[in-house]
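Remember, predicted model here, so these are calculated numbers, not experimental data. Each chain gets a letter, A, B and so on, in the order the sequences are listed, and its residues count up from 1.
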Number of protein chains: 2
Amino acid sequence: MGNLADNMEYYLKKLLALSASGFLEIKRKELAGKFNCVPSQVNYVLATRFTLEQGYMVESRRGGKGYLRIRKVDTDGWELPGGILQELQQGSFSAGQAMGIIERLLTGKYISMRESRLMEAAIKCISTVESEQLQSELRGSLLRCMIQALFY
Amino acid sequence: MGNLADNMEYYLKKLLALSASGFLEIKRKELAGKFNCVPSQVNYVLATRFTLEQGYMVESRRGGKGYLRIRKVDTDGWELPGGILQELQQGSFSAGQAMGIIERLLTGKYISMRESRLMEAAIKCISTVESEQLQSELRGSLLRCMIQALFY
DNA sequence: TGTTATTTGACCATCCCTGACCTTTATTAT
DNA sequence: ATAATAAAGGTCAGGGATGGTCAAATAACA
């Protein structure tokens with residue numbers, strides 16, 4: 001038998017898979033009761049096994065009728081065209097290159113109009129930095145960070 | 001079912017949506033009666049779910065013939081809370097301050113979950129810059145640029 | 001044996017709901 | 001008119017019910 005955290009993870013993922021609504025809503029204390037542990041153990045499991053990187057989102061509410069709600073993030077259709085991923089390997093980007101990538105994300109419907117405006121604004125903003133070198137490096141890491149935030 | 005406050009919120013918003021006049025007029029005591037609670041609970045619901053930031057206005061009158069009148073204020077959704085506009089005047093921001101603003105934009109429903117992740121990613125990304133000074137300045141201009149891109 | 005992962009418990013933050021007391025407005029009595 | 005009374009709505013502090021955090025203890029592992 002695995003440990004408590006593993007068992008709880010398994011239990012939650014099973015329930016989640018069975019749930020018709022696409023999300024799972026539980027009470028922290030009840031769950032802890034079912035596994036005969038302290039409530040904060042639930043937080044540990046959520047923090048280590050249901051992170052965004054792992055494809056889960058957890059919402060919660062305190063107070064009377066409080067809850068924990070776990071949903072699997074839908075990553076269908078989130079695959080970026082390989083070309084872009086490859087380009088992102090590059091360390092540095094000119095403003096033009098960066099804009100080009102953002103535009104392709106938009107026309108490919110990977111991002112919304114607002115999201116593209118947000119990204120473009122961030123990239124343009126970088127041009128105020130003195131050093132050309134730093135500028136292009138920053139554009140690169142900004143692009144990578146932002147794209148990662150959206151697609152992973 | 002959710003809790004009392006949620007139910008009352010739902011009830012009021014439904015009535016408001018159905019109302020031809022564009023506003024909803026109720027008696028505090030009656031409403032409390034309908035939900036079998038104390039009248040001040042109505043104030044709680046109004047204070048937490050019908051704020052100006054959330055796009056509602058509540059007028060009232062005491063005494064005989066008193067009433068509560070709720071209306072949805074039409075801001076086209078583009079008005080930012082004044083507090084945030086003011087804060088943005090600041091030149092520099094710590095990562096924490098910036099995150100706070102982004103979070104308020106999110107909870108105030110000014111931006112989506114994805115947009116907030118995008119903005120947070122950009123802000124965090126800046127932390128790789130060597131100079132602390134430049135970091136906090138960059139955070140400031142990034143915030144201003146991104147918010148401007150969305151709201152102007 | 002040293003490192004990492006798990007588990008616990010004490011303390012914290014938030015949300016909801018109530019009740020006592022206060023203020024304002026309309027109505028009624030004088 | 002004026003004063004008293006009734007009929008609204010407003011405020012605020014408190015308590016119960018949750019969930020959150022963090023550091024220390026313990027267990028598992030390499």
Side-chain angles (χ1 to χ4, degrees), chain A residues 1-13 15-16 23-54 56-71, chain B residues 1-13 15-16 23-54 56-71 95-97 99-100 102-104 106-109 116 120:
Chain A
M1 220 12 192
N3 57 29
L4 212 184
D6 288 341
N7 294 338
M8 189 180 286
E9 173 192 8
Y10 178 76
Y11 173 78
L12 289 175
K13 288 188 174 168
L15 280 193
L16 187 53
F23 63 85
L24 175 58
E25 202 168 290
I26 49 170
K27 300 217 164 251
R28 191 177 76 146
K29 207 169 167 188
E30 272 182 22
L31 183 57
K34 197 161 322 213
F35 284 86
N36 206 17
C37 64
V38 292
S40 60
Q41 179 68 8
V42 175
N43 296 86
Y44 174 73
V45 170
L46 293 179
T48 54
R49 287 134 160 99
F50 291 84
T51 67
L52 206 54
E53 284 75 19
Q54 293 164 315
Y56 296 88
M57 270 186 48
V58 180
E59 306 159 87
S60 71
R61 191 138 143 205
R62 306 186 185 193
K65 304 276 164 90
Y67 57 78
L68 293 171
R69 185 180 297 158
I70 308 173
R71 42 166 41 98
Chain B
M1 230 354 204
N3 55 34
L4 212 184
D6 287 343
N7 295 338
M8 189 180 285
E9 172 192 8
Y10 179 76
Y11 173 78
L12 290 174
K13 288 187 174 168
L15 281 192
L16 186 53
F23 63 84
L24 176 58
E25 202 168 293
I26 49 169
K27 298 217 165 252
R28 190 177 78 147
K29 206 169 166 187
E30 273 182 21
L31 183 57
K34 196 161 326 214
F35 283 87
N36 207 17
C37 65
V38 126
S40 60
Q41 178 67 11
V42 175
N43 296 86
Y44 174 74
V45 170
L46 293 179
T48 54
R49 284 131 160 103
F50 291 84
T51 67
L52 208 52
E53 235 191 41
Q54 292 165 316
Y56 296 88
M57 268 186 49
V58 179
E59 306 158 87
S60 71
R61 181 123 165 227
R62 308 187 182 191
K65 305 276 163 96
Y67 59 80
L68 293 171
R69 185 181 297 160
I70 308 173
R71 44 166 40 98
Q97 288 175 314
M99 293 299 173
I102 295 170
E103 189 167 327
R104 274 187 288 151
L106 176 63
T107 59
K109 310 232 175 156
S116 80
E120 288 183 359

Q) Does the side chain of Glu59(A) reach to within under 4.5 Å of the side chain of Arg71(A), using non-hydrogen atoms? A) yes
Q) Looking at the side chain of Arg49(A), which of dT6(C), dC16(C), dT24(C) is the nearest nucleotide? A) dT6(C)
Q: Please say whether more than 12 non-hydrogen atoms of neighbouring residues, nucleotides or ligands are located less than 6.0 Å from CZ in Phe23(B).
A: yes
Q) In whole Å, what is the span from the OH atom of Tyr44(A) to the P atom of dT4(C)? A) 13 Å
Q. For the pair made of CD in Gln41(A) and P in dT7(C), what is the distance, rounded to whole Å?
A. 5 Å
Q) What distance separates Leu15(B) CG from Leu31(B) CG, expressed to the nearest 0.5 Å? A) 9.0 Å
Q: Would you mind telling me which residue lines up with the more 5' stretch of DNA chain C, Thr48(A) or Ser40(A), judged by nearest nucleotide?
A: Thr48(A)
Q. Which of these nucleotides, dC16(C), dT7(C), dG20(D), is closest to any side-chain atom of Arg62(A)?
A. dG20(D)
Q: Please indicate whether Lys13(B) has more than 12 foreign heavy atoms, meaning atoms of other residues, nucleotides or ligands, lying under 6.0 Å from its NZ.
A: yes
Q: Figure out the CE/C1' separation between Met8(B) and dC17(C), and round it to whole Å.
A: 11 Å
Q. Nearest to the side chain of Lys27(B) - dC17(C), dG19(D), dG9(D)?
A. dG9(D)
**Q.** Atom pair distance, as rounded to whole Å: CZ in Phe35(B) and C1' in dC17(C)
**A.** 14 Å
Q. Can you check the Arg28(A) CZ to dG20(D) P distance for me, whole Å?
A. 6 Å
